[in-house]
There are 2 protein chains.
Amino acid sequence: MGRALRADAERSVRAILEAAELVLAADPNASMEQIAEAAGVARTTVHRRFASRQALIEALAESAVRQLNQAIEDARPDTTPPLIALHRVTANVLRIKGAWSYALGRPTEEGGGAAAGWDQLGARCVELLGRAKAEGLLDPAADLEWVRRVYYALIGEALHDERPDPDPDALATLVVDTLLYGAGRRPGTV
Amino acid sequence: MGRALRADAERSVRAILEAAELVLAADPNASMEQIAEAAGVARTTVHRRFASRQALIEALAESAVRQLNQAIEDARPDTTPPLIALHRVTANVLRIKGAWSYALGRPTEEGGGAAAGWDQLGARCVELLGRAKAEGLLDPAADLEWVRRVYYALIGEALHDERPDPDPDALATLVVDTLLYGAGRRPGTV
DNA sequence: CTTAATTGCAACAGCTCTGACTCAGTTAAC
DNA sequence: GTTAACTGAGTCAGAGCTGTTGCAATTAAG
């Protein structure tokens, strides 16, 4: 890293990242020009801050993954009963992932900082699931890696939900509920 | 449609479609040149058979959706108990979707023939799920649209599975099992 | 065998994007 | 208030992709 950016430059960077998310989510092949325009910035400025298109996208991914990890940390999943933790984490993740769906929906580059963030995230997730299994919340025979991927997929699906009632907590409940019990007839039902 | 193609021309079309799936799955921005090369054909031939890049992609999607519908029809889901039908359909769909993951993983154009295929497919799926619900396999309170999307998502996840044992039937069982019961402790368990 | 379709090759025009550079004007920082 | 960073605008060269055309050679179809 070079020295710290001046305040206005930092504002530009943030604006560009947010604009990139917005524009690229609508069209993954959008040009730097379109991104610059959406950011309210000249195209040259984008190139000044990000060496290349790829660099911009990687920075975008890294920023988003950092926020995602932060959102999970905020839920303090390690000091809470698994079921509660699952709900909280899910709600937080839904919030972040809704805002950065493009950045978080891309396969990340091998060596980048984003990849490390994903690894950390995956580890935390599996740890939480492991605790859930240990406390009898999950089937003792469950394959945690599979459960984790199903969990991710459910979150992704929940984001595409288009109900009139976009209550994040309700969505989180739906996700966790589906993850735990599926769509089959519930134990308590006649 | 114009008149029927000559035999060699038809072979070309098929080769191009298969090559397009292969190449575009690896890189959605691959050029027509790369597709032509993979198909063992000159670039001009590709343009002769498909007016534009977009036309090629739409044709690809339509072809894949047609195959997918065929695969479902082969499972005769309407004349079989829902649970069996679910397994069979899942296994068939996994087979097709594995071979055409790019073509089937794209948002389809509004008016195209692929869109109609998707609608038909969705309708069949909901019908099958409805029968499953009626026979007590699903929670009576289940939102079939949500279940359908979860089902799609699970199939997509199962395709990314990288176990040493890629037995399609086992994968289908995993999908259906997860859809019905989730990852939580099973009713029969202590 | 005769005909018409099909193909490969080569070349061309047109377009869009990228990334770099300069320079004058603006703005934060100290 | 002085300085250094930052920005917008304009320009430029280079590259890649698309879609088209003409022509000669090959190949399926009747």
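Quick note on labels: first sequence line is chain A, next is B, and so on, each numbered from 1.
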Undergrad: May I ask you to say whether B:Lys133 pairs ionically with B:Asp139, meaning some side-chain N is under 4.0 Å from a carboxylate O?
TA: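 Judged by the 4.0 Å cut-off on N to carboxylate O distance, B:Lys133 and B:Asp139 do not form a salt bridge.
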Undergrad: Side chain of B:Ala7, heavy atoms from C-beta onward: which of C:dA29, C:dT6, D:dA29 has the nearest atom to it?
TA: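 Between C:dA29, C:dT6, D:dA29, the one nearest the side chain of B:Ala7 would be D:dA29.
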Undergrad: If the condition is side chain to side chain contact (heavy atoms under 4.5 Å, CB included), which residues does A:Glu21 pass it with, not counting sequence neighbours?
TA: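 In terms of side chain to side chain contact (heavy atoms under 4.5 Å, CB included), with neighbours along the sequence ignored, A:Glu21 is linked to A:Ala25, A:Leu60, A:Trp100, A:Ser101, A:Tyr102, A:Ala103.
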Undergrad: Describe the nucleic acid contact of B:Thr45 in one word from base, sugar-phosphate, nothing, applying a heavy-atom distance below 4.0 Å.
TA: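 Answer is sugar-phosphate: B:Thr45 comes under 4.0 Å of backbone atoms only.
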Undergrad: Any chance the side chains of B:Asn92 and B:Asp74 put a donor and an acceptor closer than 3.5 Å?
TA: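 No, no side-chain donor-acceptor pair sits under 3.5 Å.
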Undergrad: Compute the angle between the rotation axes at the two ends of the helix from C:dC1-D:dG30 to C:dC30-D:dG1, each taken over five pairs, rounded to 10 degrees.
TA: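 Here the local axes at opposite ends form an angle of 50°.
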Undergrad: Mind listing the residues from residues 11-31 of chain B sitting with a heavy atom below 4.0 Å of DNA chain C? Number order is fine.
TA: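 The answer is B:Ser12.
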Undergrad: For A:Arg124, is there an ion pair with A:Glu73 - N to carboxylate O distance below 4.0 angstrom?
TA: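 Salt bridge: yes.
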Undergrad: What is the distance, rounded to the nearest whole Å, between atom CZ of B:Arg49 and atom P of C:dG8?
TA: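 That distance rounds to 10 Å.
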Undergrad: For the pair made of CD in A:Glu37 and C1' in C:dC17, what is the distance, rounded to whole Å?
TA: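 So the two atoms are 15 Å apart, to the nearest Å.
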Undergrad: How close or far is atom P of C:dC17 from atom CD1 of A:Ile35, stated in whole angstroms?
TA: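 Taking CD1 of A:Ile35 and P of C:dC17, I get 11 Å after rounding.
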Undergrad: Side chains of A:Leu180 and A:Leu138: does their closest heavy-atom pair fall under 4.5 Å?
TA: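 Yes; the side chains approach each other to less than 4.5 Å.
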Undergrad: Take the protein atom CD of B:Glu33 and the nucleotide atom P of C:dA10, then report the distance between them rounded to whole Å.
TA: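 Interatomic distance, CD of B:Glu33 to P of C:dA10: 12 Å.
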Undergrad: Would you mind reading off the distance between B:His47 atom NE2 and D:dG19 atom C1', rounded to a whole angstrom?
TA: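 Rounded to the whole Å, the gap is 5 Å.
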Undergrad: In whole angstrom, give the distance that lies between atom CD of A:Glu10 and atom P of D:dA5.
TA: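 Computing the A:Glu10:CD to D:dA5:P distance gives 16 Å.
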Undergrad: May I ask you to test the B:Leu56-B:Met32 pair for a side-chain heavy-atom distance under 4.5 Å?
TA: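 Yes. Closest side-chain heavy atoms under 4.5 Å.
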Undergrad: More than 12 foreign heavy atoms under 6.0 Å from CD of A:Glu37: is that the case here?
TA: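 Not more than 12 within 6.0 Å, no.
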Undergrad: Does B:Glu145 come within less than 4.0 Å of B:Arg149, counting only side-chain N to carboxylate O?
TA: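 Not counted as a salt bridge, because no side-chain N and carboxylate O are separated by less than 4.0 Å.
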Undergrad: Looking at B:Arg48 and C:dG8, is any side-chain donor or acceptor paired with a base atom of the opposite kind under 3.5 Å?
TA: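 It does, because a donor-acceptor pair links the side chain of B:Arg48 to the base of C:dG8 below 3.5 Å.
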Undergrad: C:dT7 P sits how many Å from B:Arg6 CZ, rounded?
TA: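 So the CZ-P distance, B:Arg6 to C:dT7, works out to 8 Å.
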Undergrad: For A:Ala51 and A:Gln34, take the nucleotide of DNA chain C holding the closest heavy atom to each; which residue's nucleotide lies nearer the 5' end?
TA: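 Whichever sits nearer the 5' end wins; that is A:Gln34.
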Undergrad: For A:Arg43, report the nucleic acid contact type (base, sugar-phosphate, nothing); a contact means any heavy atom under 4.0 Å.
TA: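 A:Arg43: base contact, heavy atoms under 4.0 Å.
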Undergrad: Of the options D:dT21, C:dG19, D:dC6, whose atoms approach the side-chain atoms of A:Ala9 most closely?
TA: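 Closest of the options to the side chain of A:Ala9: D:dC6.
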Undergrad: I'd like to check B:Arg76 versus B:Thr79 (side-chain heavy atoms, cut-off strictly below 4.5 Å). Are they in contact?
TA: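 B:Arg76 vs B:Thr79: side chains touch.
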Undergrad: Atom CG of B:Leu5 and atom C1' of D:dA28: how far apart are they, to the nearest Å?
TA: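 In whole Å, D:dA28 C1' lies 13 Å from B:Leu5 CG.
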